[in-house]
Amino acid sequence: MEKQTKTYQQGGIAYRMFRSYIRFFHDGIYYRRTYSLNTENIPDAGTPLMIVSNHQNCLNDPLGILLSLRDRKPYFIIRADVFGYHPLVNKFAYWIGGLPAFRIAYEGEEALKRNKDTFTLSGQKLQNGSTIVMFPEAGHQDKHWLGDFTVGFTKMAFEAAALGNFETDILILPSCNHYSDYFQLQEQMLIKYGVPISLRPFYELYQTKPRTAQRRFSDLVHKQIQDLMLDIRDLDNYEAIDFIRTTYGREFATFHQYDHEKLPDRLSSDRLLVERLERAGENGKKDELANLFADALTLKKGMDEMKIHDALFEQCPSWIAVTGSLLALILLFPAWLFSLWPNAINYVVPTILINRMTDKMFYGSFILIFSILFTIPVFYAVTFFLTWHFTNVWLALIHLLSLPLLGLFAWYYLKFFKRTIKAVRFRLNFRTQKMKDLRELRKEITGKLDELIKYG
């Protein structure tokens, strides 16, 4: 019986094998590095558990949680429209544990009745010791901020407790996800868990004042998630703050002894930076801060127009270095052409399809999922059999195993090419008046930031 329960909690053999397949491409190819932080806070398998997380990056968020839970199969309450794109997407979503949540703002009031089945099924799974994952913002954000919570997750949790006559304790585990970049390959992502919160102390209040119990418990969870993540509350100045975070943030992190190259450190540093900016605004420096934000946006606009990036201001490449980069690109060009088949298809085909979607936050998820489910198995198999046909099985196998590494080479070559072009552009415009003005403006902004937040 214990073995059957363990298998049920972890999923079947096919599910676990497929999760390992996803993990290889998710952790090793799509992302440069992934982090699962505070996993010691995850209760033992078999404990009724609801994981509640912020939501920023569509299907990448539940996948990150899924891969951080090595001893259980979680079930995800996700927006119902995900199930409406294609029948194959539906089957995949259900198979990995997806359960639809219908929202009045998207599917209409009539569709809300369909949530009853989802809530009942989820309550039964919680009573059986399963894990339910919810994103109570009821939609993914396109920025680093935490939205308001709907009542769905507290309603589900308390109704699940009622199924067991309020005898079973249900734990709620706050969680956050964070990304170094939402859209690019070979970036970093992390899942960070908080401290489990017991629902039991609220049972008595819920039975007399259910809405009060739900509201108080939701506030507890919201506050803990807010303390875990990067939550930029000033949405009116979000663009300027985010630009400062991604440019000046490197210097700020180094000064405060954080390793900017490691995403957990960068998250801590960015949280401190945003906190200092908020504090500056509260300490009677709103006008000064407003001018700073205006200057930051002017600098960003100028950099965008010249198509350069901030690091070039810190380490201006010499013409010798630029020439060396161009020579390396020429020498490696044949290898890059070789690496494109079939790896370019894994990127280009989903990119063409995603351009038809209005929600840009589906971009990364669609590339990842579409490649894993379709283009990679199909075109890797075609490549294997073609190589076998023209050579032999051993060379075909070696070529097959090298395809992921060739894909990484293709991506980094393209990234190096873009960086080199920006360096060339920077050098060509180095002595122009516009570039001088940008350098001077950047120096002024850095000085103001040093005064306002660096030493606070």
Side-chain angles (χ1 to χ4, degrees), residues 4-20 22-23 26 36 39 41-55 57-84 89-103 114-140 149-164 168-175 177 191 193 196-197 199 221 365 369:
Q4 289 179 345
T5 302
K6 184 176 180 182
T7 301
Y8 172 74
Q9 296 292 341
Q10 293 181 343
I13 294 177
Y15 171 83
R16 282 178 281 168
M17 290 178 63
F18 185 70
R19 184 166 62 177
S20 297
I22 292 177
R23 186 188 304 280
H26 180 275
S36 298
T39 54
N41 291 344
I42 302 174
D44 294 335
T47 302
L49 178 66
M50 178 182 288
I51 297 175
V52 179
S53 175
N54 66 321
H55 201 16
N57 203 359
C58 194
L59 292 176
N60 290 43
D61 292 347
L63 274 180
I65 294 175
L66 167 68
L67 296 176
S68 70
L69 302 173
R70 294 179 178 270
D71 61 347
R72 66 184 73 202
K73 176 183 178 179
Y75 295 88
F76 299 91
I77 309 300
I78 56 180
R79 46 193 285 181
D81 61 339
V82 171
F83 294 82
V89 176
N90 295 358
K91 290 182 179 180
F92 172 75
Y94 278 116
W95 191 57
I96 66 170
L99 300 173
F102 299 88
R103 302 154 299 165
R114 300 172 65 183
N115 281 331
K116 183 177 180 181
D117 293 338
T118 297
F119 274 51
T120 301
L121 179 60
S122 299
Q124 292 170 350
K125 290 186 179 299
L126 282 171
Q127 283 292 330
N128 291 333
S130 293
T131 300
I132 302 292
V133 180
M134 292 197 70
F135 302 95
E137 292 167 282
H140 50 248
F149 285 0
T150 63
V151 299
F153 88 95
T154 53
K155 185 175 186 295
M156 178 181 293
F158 281 112
E159 287 184 2
L163 283 176
T168 303
D169 190 15
I170 296 174
L171 298 181
I172 310 297
L173 180 61
S175 170
N177 53 74
I191 299 293
Y193 292 104
I197 306 173
L199 197 65
V221 178
S365 298
I369 299 302

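Side chains are part of it too, since the values below use all heavy atoms of this structure and drop only hydrogens, waters and symmetry mates.
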Next item on the list: Enter the distance from Leu163:CG to Phe119:CZ here, rounded to the nearest 0.5 Å.
Entry: 12.0 Å
Next item on the list: Might you point out which heavy atoms bring Thr154 and Val151 nearest each other, and give the distance in Å?
Entry: OG1-O, 2.9 Å
Notebook entry, point to check: Rounded to the nearest 0.5 Å, what separation is found between the CG atom of Leu121 and the CG atom of Leu126?
Noted result: 10.0 Å
Item checked: Separation of Met134 CE from Phe153 CZ (nearest 0.5 Å) -> 8.0 Å
Check: About how many Å separate OH of Tyr75 and NZ of Lys125, when rounded to the nearest 0.5 Å?
Finding: 3.5 Å
Check: Can you tell me if Ser175 uses its side chain to pair, donor with acceptor, with the backbone of Tyr193 under 3.5 Å?
Finding: no
Checklist line | side chain to side chain contact (heavy atoms under 4.5 Å, CB included) between Arg23 and His26, worked out | finding: CA-CA 5 Å; Arg23 186 188 304 280; His26 180 275; 5.7 Å; no
Check: Rounded to the nearest 0.5 Å, how far apart are OG of Ser36 and CG of Leu67?
Finding: 8.0 Å
Checklist line | Of Asp44, Thr47, Thr131, the residue whose pairing with Arg72 passes side chain to side chain donor-acceptor pair (under 3.5 Å) | finding: Thr131
Checklist line | Ser365 side chain to Asn60 backbone, donor-acceptor under 3.5 Å | finding: yes
Check: Taking all non-hydrogen atoms of both residues, which atom of Met156 and which atom of Ser122 are closest, and how far apart?
Finding: SD-CB, 3.5 Å
Item checked: For the student: nearest non-hydrogen atoms of Pro62 and Cys58, plus distance -> CD-O, 3.1 Å
Next item on the list: Mind checking the CG-CG spacing from Asn54 to Asn177? Nearest 0.5 Å is all I need.
Entry: 4.0 Å
